[in-house]
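This report refers to the structure that appears directly beneath it.
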Amino acid sequence: MTDLILSIETSCDETAAAVIQDGCRILSNVVASQAEMHAKYGGVFPEVASREHVLKIIPVIHEAMDAANVTWRDLNAIAVTHGPGLAGSLLVGVNAAKGIALGQNLPLLGTNHLEGHIYANWLDAGLPYVQPEMENVFPLVALVASGGHSSLVLMRGHGEYVELGHTIDDAAGEAFDKIARLLHLGYPGGPAIQRAAENGDASAFKLPRAHTKRPYDFSFSGLKTAVLNLTKKLGTQNLPVHDIAASAQVAIVDILVKKTILAVKEFEAKYVLLAGGVAANKSLRAEMSARASRPVIFPPPKLCVDNAAMIAAAASRHYRAGETSAWDLDVVPNLKLV
Ligand code: KG4
Ligand code: ZN
């Protein structure tokens, strides 16, 4: 069986569409980012985001179809992110997908954004990154860390998720974003901190690694407060931005790596899988690979951050299992993975 899926992703501030074959082969992957537009607010401004999606969605879909060199008739299904995310943003993608599916008489596949991030690891990007025998990787421990979500998940098979723990306050990406704002490094904060940290001393400041009651939960708000207090104490003049960025990055990475490794041991995982925007972080990728006793897999950076290719990768498995969505598919802003 082969399948050709047009996928749409508008959960946050990227308007994205992709055409993917068999859940892994990327024929096209178009992402129109609004990051610059939101930079002046220091984060995503929801109403601005949904209105931008309204403007961009059709041109982005056309571009994805043209770049893949396929017609509507070649498609087997339309996949779309229906949660989690911003309601107004999700609505634009879901309605566009419904319109196309109805008009072309194609099945509709409402898809979980977090499952998309995980399945980005199954996309054949044709890039030189570790691609093990991806059907024989279970059980694995997945660290799903993005701007809106951070959790540790045990996967015993495809689509089988057990949540071991999650953040009790800020998501890991949110911590990067908030600390970047304190250091006036701009938005999105993750890439900005990573860049600033390259010229910084990670041992300059000892920042807290929070203890949580449950071993696999995360907490980052104490770290954010520690950085806030540091900036107040040192003053904005001559703030050692690079050293603070490096010290904060190493603290976040250390927490993520330690908890993941603990889970790998307890559940005898064969692999570690990284997913979500934070998985693009060079230091996280390197530290996890160095410290985990198991192979660590992660998508190339551009497939870690929001894109539509990953949505088709996750949707393809549901399509093959005959699991399609009804016409009353709704957006679910707080949709969970499990
Ligand atoms: O998955 P994603 O694109 O959107 C959400 O679903 O939230 O993740 C975005 C998050 C942002 O918080 C951003 O700062 C973070 O991922 N991020 C990074 C890096 N690239 C993106 N964090 C650390 N290092 C990076 N290189
Ligand atoms: Zn995301």
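Keep in mind the model is a prediction, meaning the values are calculated, not measured. All residue numbers refer to positions in the sequence shown, counting from 1. In listed order, ligands and their atoms are each counted from 1.
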query = Have D217 and T212 got a donor and an acceptor in their side chains that come within less than 3.5 Å?
reply = no

note = Closest to atom 11 (C) of ligand 1 by heavy-atom distance, out of V144, V305, D177, is D177

ask   = Does some non-hydrogen atom of G189 fall short of 4.0 Å from ligand 1?
value = yes

query = By atom name, which N, O or S atom belonging to D306 lies closest to the Zn ion (ligand 2)?
reply = OD1

ask   = If you count the atoms of ligand 1 from 1 in the order shown, which ones are under 4.0 Å from a heavy atom of H113?
value = 6 (O)

request  = Return yes when H149 approaches ligand 1 closer than 4.0 angstrom through a heavy atom, no otherwise.
outcome  = no

inquiry  = I'd like to check which ligand 1 atoms, numbered from 1 as shown, lie under 4.0 Å from a non-hydrogen atom of Q194.
reply    = 24 (N), 25 (C), 26 (N)

query = Are side-chain N/O atoms of D170 and S221 paired as donor and acceptor at under 3.5 Å?
reply = no

request  = Could you give me the CA-CA distance, side-chain angles and deciding distance for D254 and K258, then say whether salt bridge (Lys or Arg N to Asp or Glu O under 4.0 Å) is met?
outcome  = CA-CA 6 Å; D254 192 38; K258 268 197 191 123; 3.0 Å; yes

query = For ligand 1, which atoms sit closer than 4.0 Å to a heavy atom of G173?
reply = 12 (O)

ask   = Atom CD in E163, atom CG in L154: separation rounded to 0.5 Å?
value = 11.5 Å

ask   = Does ligand 1 have any atom that is closer than 4.0 Å to a heavy atom of K282?
value = no

key: Expected output: side-chain K259 to main-chain P215 donor-acceptor under 3.5 Å   = yes

ask   = If you count the non-hydrogen atoms of other residues, nucleotides and ligands that lie under 6.0 Å from CZ in R156, is the total more than 12?
value = no

ask   = Which protein heavy atom lies closest to atom 2 (P) of ligand 1, and at what distance to 0.1 Å?
value = D306 OD1, 3.2 Å

key: Closest approach of I311 to G116 (non-hydrogen atoms, all atoms of both residues)   = CD1-CA, 4.2 Å

message = If you measure every N or O of G276 against every N or O of ligand 1, does any of those distances drop under 3.5 Å?
response = no

key: N or O contact, G190 vs ligand 1, cut-off under 3.5 Å   = yes

query = What atoms in ligand 1 come closer than 4.0 Å to a heavy atom of G148?
reply = 7 (O)

ask   = Between the Zn ion (ligand 2) and H149, is there an N, O or S atom separated by less than 2.8 Å?
value = no

inquiry  = Checking H242 against D201: is there a side-chain donor and acceptor pair closer than 3.5 Å?
reply    = no

key: N/O donor-acceptor pair under 3.5 Å between E160 side chain and V162 backbone   = no

Heteroatom distance test (G277, ligand 1): nitrogen or oxygen, under 3.5 angstrom = yes

task = Could you tell me the residue and atom name of the protein heavy atom closest to atom 7 (O) of ligand 1, and the distance to it rounded to 0.1 Å?
result = G147 N, 2.8 Å

request  = Locate the shortest heavy-atom distance separating V264 from R294; write the atom from each residue and the value.
outcome  = CG1-CG, 3.8 Å

message = Counting backbone and side-chain atoms alike, is an N, O or S atom of H117 positioned under 2.8 Å from the Zn ion (ligand 2)?
response = yes

query = Does an N or O from F176, backbone or side chain, lie closer than 3.5 Å to an N or O of ligand 1?
reply = no

inquiry  = Quick test: of every protein heavy atom, which one is nearest to atom 24 (N) of ligand 1, and how far off is it to 0.1 Å?
reply    = N281 ND2, 2.9 Å

NZ/NE/NH1/NH2 to OD/OE distance under 4.0 Å, R317 and D3 = no

